[in-house]
Amino acid sequence: MKDQTVCMTYFTIIGDINLDEVSSILGIKNTGGHSIGEKKKHGPGLYDWAAWQYGTGYIETLLADEQAEIVVAPLLSKVDELLLIKERYDCWFILMQVPKIENGNTPALGFKKDVIEFCAKTGTEIQIDLYANPYSSEFDSE
């Protein structure tokens with residue numbers, strides 16, 4: 001997979017939240033995240049904020065737009081629950097895409113109407129963290 005373009009997409013809730021309670025309210029088990037006080041995955045120190053994440057790992061694809069639809073699909077019927085979580089925890093939502101481009105093979109970065117409407121209804125920010133390889137980071141050695 002090293003020479004193939006991959007993309008990861010996830011929806012995350014960030015704030016002073018309880019991950020188990022968020023999963024219970026949504027009826028969806030998180031696929032990642034961290035709690036306050038956990039050791040940071042990259043760099044020194046502990047997290048002073050929690051993150052509940054639901055999404056994919058890295059998948060070989062040039063269709064990042066379709067990946068976003070797959071992640072958002074189970075959340076479309078959870079708008080009321082998400083707004084309750086946002087009010088209860090004073091947290092925020094992000095839909096994140098992380099493409100890693102190899103050999104100039106760029107994925108389709110765009111969002112279809114249902115994803116955009118979901119983000120608008122829930123106040124979800126859309127962010128893209130793009131890597132075009134060759135790429136090096138201070139965290140590569142960890």
Side-chain angles (χ1 to χ4, degrees), residues 1-43 45-140 142:
M1 190 185 300
K2 184 165 175 47
D3 291 86
Q4 300 298 318
T5 294
V6 295
C7 188
M8 170 174 55
T9 302
Y10 59 90
F11 173 82
T12 187
I13 301 171
I14 298 173
D16 186 0
I17 59 174
N18 178 297
L19 276 55
D20 292 332
E21 188 171 327
V22 168
S23 291
S24 177
I25 292 169
L26 293 175
I28 298 173
K29 180 155 176 41
N30 60 312
T31 58
H34 58 79
S35 296
I36 294 172
E38 283 185 26
K39 184 182 180 310
K40 290 186 178 181
K41 294 173 181 110
H42 301 288
L46 305 176
Y47 287 108
D48 60 358
W49 48 275
W52 182 97
Q53 294 178 350
Y54 176 78
T56 69
Y58 282 106
I59 298 171
E60 183 180 325
T61 186
L62 294 178
L63 303 173
D65 56 336
E66 290 181 6
Q67 198 176 55
E69 284 192 293
I70 291 167
V71 168
V72 169
L75 299 167
L76 291 174
S77 64
K78 306 293 183 176
V79 170
D80 290 339
E81 291 86 343
L82 287 164
L83 294 176
L84 171 71
I85 290 166
K86 184 177 267 192
E87 182 180 319
R88 181 177 293 173
Y89 289 108
D90 190 29
C91 53
W92 65 97
F93 307 149
I94 298 171
L95 179 63
M96 176 69 77
Q97 285 200 314
V98 188
K100 289 185 179 180
I101 299 170
E102 298 289 347
N103 301 315
N105 294 319
T106 57
L109 296 176
F111 300 94
K112 297 194 174 146
K113 183 179 176 182
D114 58 338
V115 173
I116 293 169
E117 287 176 351
F118 167 80
C119 291
K121 287 178 186 175
T122 58
T124 299
E125 298 176 21
I126 297 174
Q127 296 183 8
I128 298 172
D129 189 6
L130 177 67
Y131 298 88
N133 287 325
Y135 175 86
S136 64
S137 166
E138 63 186 271
F139 302 119
D140 285 346
E142 293 181 6

With sequence neighbours excluded, what pairs up with [X] under the side-chain contact (heavy atoms from CB on, under 4.5 Å) test?
| X | value |
| --- | --- |
| Ser24 | none |
| Leu76 | Val72, Asp114, Phe118 |
| Glu21 | Asn18, Ile25, Arg88, Tyr89 |
| Asp129 | Met96, Val98, Tyr131 |

- request: Could you tell me how the ring of Trp49 sits relative to the ring of Tyr47: parallel (under 30°), tilted (30 to 60°) or perpendicular (over 60°)?
  value: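 Correct class here is perpendicular.
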Salt bridge (Lys or Arg N to Asp or Glu O under 4.0 Å) contacts touching residues 72-87 (sequence neighbours left out):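 Applying salt bridge (Lys or Arg N to Asp or Glu O under 4.0 Å) to every pair that reaches into residues 72-87, excluding sequence neighbours, yields nothing.
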message: Using the side chain to side chain donor-acceptor pair (under 3.5 Å) criterion, which residues pair with Gln67? Sequence neighbours excluded.
response: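 Only Thr9, Thr56 meet the side chain to side chain donor-acceptor pair (under 3.5 Å) criterion with Gln67.
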- prompt: Who are the side chain to side chain donor-acceptor pair (under 3.5 Å) partners of Thr61, not counting sequence neighbours?
  reply: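 Here no residue qualifies.
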List the residues meeting salt bridge (charged side-chain N to carboxylate O under 4.0 Å, His left out) with [X], not counting sequence neighbours, and say none if there are none.
| X | result |
| --- | --- |
| Glu125 | none |
| Lys39 | none |
| Glu66 | none |
| Lys121 | none |

- prompt: Any ring pair (Phe, Tyr, Trp, His ring centres under 6.0 Å) pairs touching residues 63-86, not counting sequence neighbours?
  reply: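 Listed by first then second residue: nothing to list.
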